[in-house]
Amino acid sequence: MVSPEYLLTLISFSCISLISLLGLNIILGYTGQPWLGHAAFFGVGAYTSAILTKVYGLSFWIAFPLSMFMASVIGLSVGFICLRLKEDFLAIATIALNFVIQGIISLTPQLGGALGIGGVPPPQILNYSITYSYYSIFALAISLLFLFVHAKLSISWVGLAWKAIAGDDLAANVMGIDVVRFRLIAIGIGCAYAGASGSLYVHFTRFIHPLDLGFEQSILMVAALVFGGCGTTAGPVAGAVFTTFFPELFRFAAEYRLLIYGALLVLLIKYLPQGLFGAGSGVRTFFERIVKGK
Amino acid sequence: MNEVVLETRSLTKSFGGLIAINSLDMVCESGEILGVIGPNGAGKTTLFNLISGVFPPTKGVILFQGMRIERKKMFERARLGIGRTFQVTRPFKELTCLENIMVPYACHIYQRYTDLFRNYNQKEVVEHCLTLLEYVGLKDYAHIQAKHLPLGMQRRLEVGRALALAPSLLLLDEPFSGLSFEESYALERLLRSIKATGRTIMLIEHNMDIAMNLCDRLVVLHQGRKIAEGCPKEVKSHPAVISAYLGE
């Protein structure tokens, strides 16, 4: 029998993961940029929020947007340098950045060093702390807000331009799109999402450790997004639910988790290359039929 | 002489030791269809790439409506009114035909930061783009992904997409290549109707019959140099052109 608290905890983690994946979807899914260090920006958000609230005593409501801002600024700095170079360089640079940020944090005592930072206070609303049981509702509300913004972006002019760039950046350029500017906008927004996710994470677990932003986490994020379906709104939702609940269902095989992920990804690429909810997938068509009542 | 839309002065492009365009001087007048012809490797597509900004020239000047554009970026030239198609079609494959047209049209009308987050499915935008799709004969395919279209339709979609920029100059890179007789005929009629609206067209074409019939003037390139220029009849009998084509 699964306890309600356990289920609520999993829902919180799903919502937090969803926000990260939505951000990654904007950069990798919509704009088609090889972004392989997303966990670093999740970590920047988490550490920013932890330090601002624990060390400087700021409210979560101030730390939360600042975490998004900080992750966004670092993402934009990387993008600004790398986008002027070859596309492959962005993939390599984001991987390198992931290791660099993790290394800097591990070696900086002011950032908790290799031991991480504990005792991060929970968010408060009207002097009432939002703790484990209620945090799932809080995280769900915030993730729905981010999902709404993401869905709006996908039907906005910027979303259309991103999809055009992902399709063919030269043709997009010749059609009048300032490709570098639109890619930077995607990176800025996507990293802000990662920062928000990191902030929510650290105020939920009350602890952050350098391993939480390791390269392995970045790869798991990409795998989750590919599994769910890149470039769709439903894809990150499916990916977040999958990566949170799947390890719990198969806890008995925890040591083989990455092996199972790998095998699943291979099967997915063979039979559902667009992901579970990607364009043309049978699963997506099935759900669309249900929604349309056919 | 009509108003000059495009002019190149001593335009040169070299790739290492290879000179793809060698000191080219040419003009394109308003409202004409100017054909650019020449054997393979003559530098025709390179010329289009220089005009549209895919790469910068090594030397020389490009004037578009009297303005120097050779240092402007690709998207800036598109916004000034230079639309183009590609030799190998490059539609946005995952987008529908309607969305393919919407991309340049939205670029044309949404230029402020606040416009970035506007819904692109505005009624007036959709209506305008459907009109353009109808013009190029693809209205019935508006909601089909571009990747599912046959080549002839992809070429017409590219023309429609370029027209969505409301260009003063349209660069068409071998638009008839790979088309059936019926598709060629439909495209030829479309180009004549575009010309009738007063737009200027530069056309790269290998099929001499089409080039002779459709173009008002021809510029012949050979190994990056202009070897002849004039009306189709003059060019056809020009000794340098005959020599370049027959290898004499």
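What you are looking at is a predicted structure, and each value in this text was computed from that prediction instead of being measured. Below, read A as the first sequence line, B as the second, and so on, with proteins coming before strands; counting in each chain starts at 1. The analysis underlying the following values was restricted to heavy atoms, covering all of them including side chains, and did not include hydrogens, waters or symmetry mates.
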Contact winner vs chain A - N121(B), N119(B), L80(B), heavy-atom pairs under 4.5 Å: N119(B)
Could you please spell out the steps behind the side chain to side chain contact (heavy atoms under 4.5 Å, CB included) verdict for K163(A) and E94(B)? CA-CA 8 Å; K163(A) 288 173 202 167; E94(B) 298 299 324; over 6 Å; no
Does atom CE of M202(B) have more than 12 heavy-atom neighbours from other groups under 6.0 Å away? yes
Flag if over 12 foreign heavy atoms under 6.0 Å of CZ, F15(B): yes
Please determine, among K93(B), Q122(B), R84(B), the option with the most heavy-atom pairs under 4.5 Å with chain A. R84(B)
If every non-hydrogen atom of S154(A) is compared with every non-hydrogen atom of Y120(B), which pair is closest and at what distance? O-CE2, 4.0 Å
Counting only non-hydrogen atoms closer than 4.5 Å, does L165(B) touch chain A with its backbone (N, CA, C, O), its side chain (CB onward), both, or neither? side chain
If you tally heavy-atom pairs under 4.5 Å against chain B, which of L170(A), L153(A), V179(A), I165(A) wins? L170(A)
Can you list the residues of residues 18-27 of chain A that sit under 4.5 Å from chain B, counting heavy atoms only? none
Under 4.5 Å from any heavy atom of chain A, what part of F75(B) do you find: side chain, backbone, both or neither? both
How about Y135(B): does its OH atom have over 12 heavy atoms from other parts shown lying under 6.0 Å from it? yes
May I ask you to check whether over 12 heavy atoms, not counting those of F55(B), lie within 6.0 Å of atom CZ? yes
Heavy-atom pairs under 4.5 Å with chain B - which of A164(A), A161(A), G167(A) has more of them than the others? A164(A)
Spacing of CH2 belonging to W157(A) relative to OG1 belonging to T114(B), to within rounding of 0.5 Å: 13.5 Å
Can you tell which part of R118(B) gets under 4.5 Å to a heavy atom of chain A, answering side chain, backbone, both or neither? backbone
Using non-hydrogen atoms only, which part of A172(A) is less than 4.5 Å away from chain B: side chain, backbone, both, or neither? both
For atom NZ of K147(B), decide whether the heavy atoms of other residues, nucleotides or ligands shown that lie under 6.0 angstrom number more than 12. yes
Could you tell me which non-hydrogen atom of A171(A) sits nearest to which non-hydrogen atom of R161(B), and how far apart they are? CB-NH2, 3.9 Å
Rounded to the nearest 0.5 Å, what separation is found between the CZ atom of F92(B) and the CG atom of D169(A)? 9.5 Å
Taking every non-hydrogen atom, the tightest pair across C107(B) and I177(A): SG-CG1, 3.4 Å
Can Y113(B) and R181(A) be said to form a side chain to side chain contact (heavy atoms under 4.5 Å, CB included), step by step? CA-CA 11 Å; Y113(B) 263 103; R181(A) 179 178 145 211; 3.4 Å; yes
Interchain contact, F86(B) with chain A, by part (heavy-atom threshold 4.5 Å): side chain
